[in-house]
Amino acid sequence: MKRLLIPLLAALALPTAVNANEKVSSKMSDIEANKILLGQILSTCYGVSQNHITMKQKIDMLGFALNLHERSHGNKQTIKEDQMNAVGKALDIFPDCFPEVKKDK
């Protein structure tokens, strides 16, 4: 048992090679940006439905979500369409979240 334990501990204790020059991309794909937006909208609608947040907080949270989405979305031509798709998906789950928005059926 000692013959196996000592080499195992030595292997774990030795440092591993790390490439410090390798960069991680901070860019986000449009799909990731859309998923984050949908998650933020759904979280906000859930908070409203459970009376955890006020309407002012809802507006602030949605403003932040839309601003973040616009800054992280790469394709500037489809931003509005992607935002409306996210709102439509949220309305499927929380139909009373945006009473000012009428959904076409």
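For the numbers below, each heavy atom of this structure counts, side chains included, while hydrogens, waters and symmetry mates do not.
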Enquirer: To the closest 0.5 Å, what do you measure between CD (Gln83) and CG (Asn85)?
Expert: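 Rounded to the nearest 0.5 Å, the CD-CG separation comes out at 10.0 Å.
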
Enquirer: Donor-acceptor pair, Ser29 side chain versus Glu32 backbone, under 3.5 Å?
Expert: yes

Enquirer: List the atom of Lys76, the atom of Ile79, and the distance in Å for their closest heavy-atom pair.
Expert: CD-CD1, 3.7 Å

Enquirer: Could you check His69 against Asn34 for side-chain contact (heavy atoms from CB on, under 4.5 Å), going step by step and ending with a plain yes or no?
Expert: CA-CA 7 Å; His69 183 255; Asn34 293 339; 2.7 Å; yes

Enquirer: Does Gln77 have more than 12 heavy atoms from other residues, nucleotides or ligands lying within 6.0 Å of its CD?
Expert: no

Enquirer: Looking only at heavy atoms, which two atoms of Ile41 and Ala90 are closest? And how far apart?
Expert: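 Closest approach of Ile41 to Ala90, heavy atoms only: CG2-CB, 3.4 Å.
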
Enquirer: In the single-linkage hydrophobic clustering (I, L, V, M, F, W, Y; side-chain heavy atoms under 4.5 Å), do Ile93 and Leu38 co-cluster?
Expert: yes

Enquirer: Quick one: does Ser43's side chain get under 4.5 Å of Tyr46's, heavy atoms only?
Expert: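 In short, these two side chains do not touch, never coming nearer than 4.5 Å.
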
Enquirer: On a heavy-atom basis, which atom in Ala86 and which in Leu37 lie closest, and how many Å separate them?
Expert: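 Nearest heavy atoms, Ala86 then Leu37: CB-CD2, 3.9 Å.
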
Enquirer: Please round to the nearest 0.5 Å and tell me the distance separating atom CZ of Phe98 and atom OG1 of Thr44.
Expert: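 Rounded to the nearest 0.5 Å, the CZ-OG1 separation comes out at 7.5 Å.
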
Enquirer: Please lay out, stage by stage, how Val48 and Gln57 fare under the test side-chain contact (heavy atoms from CB on, under 4.5 Å).
Expert: CA-CA 9 Å; Val48 169; Gln57 290 169 326; over 6 Å; no

Enquirer: If you compare all heavy atoms of Leu42 against all heavy atoms of Phe94, which two are closest, and at what distance to 0.1 Å?
Expert: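 What the structure gives for the nearest pair is O-CE1, 3.8 Å.
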
Enquirer: Are Phe64 and Ile36 grouped together when hydrophobic residues (ILVMFWY) are joined by side-chain heavy atoms under 4.5 angstrom apart?
Expert: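 Looking at the clustering, Ile36 is in the same group as Phe64.
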
Enquirer: Could you tell me the separation between the NE2 atom of His73 and the CD1 atom of Ile31, rounded to the nearest 0.5 Å?
Expert: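 Rounded to the nearest 0.5 Å, the NE2-CD1 separation comes to 9.5 Å.
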
Enquirer: Can you tell me how far the CG atom of Asp30 sits from the NZ atom of Lys35, to the nearest 0.5 Å?
Expert: 12.5 Å

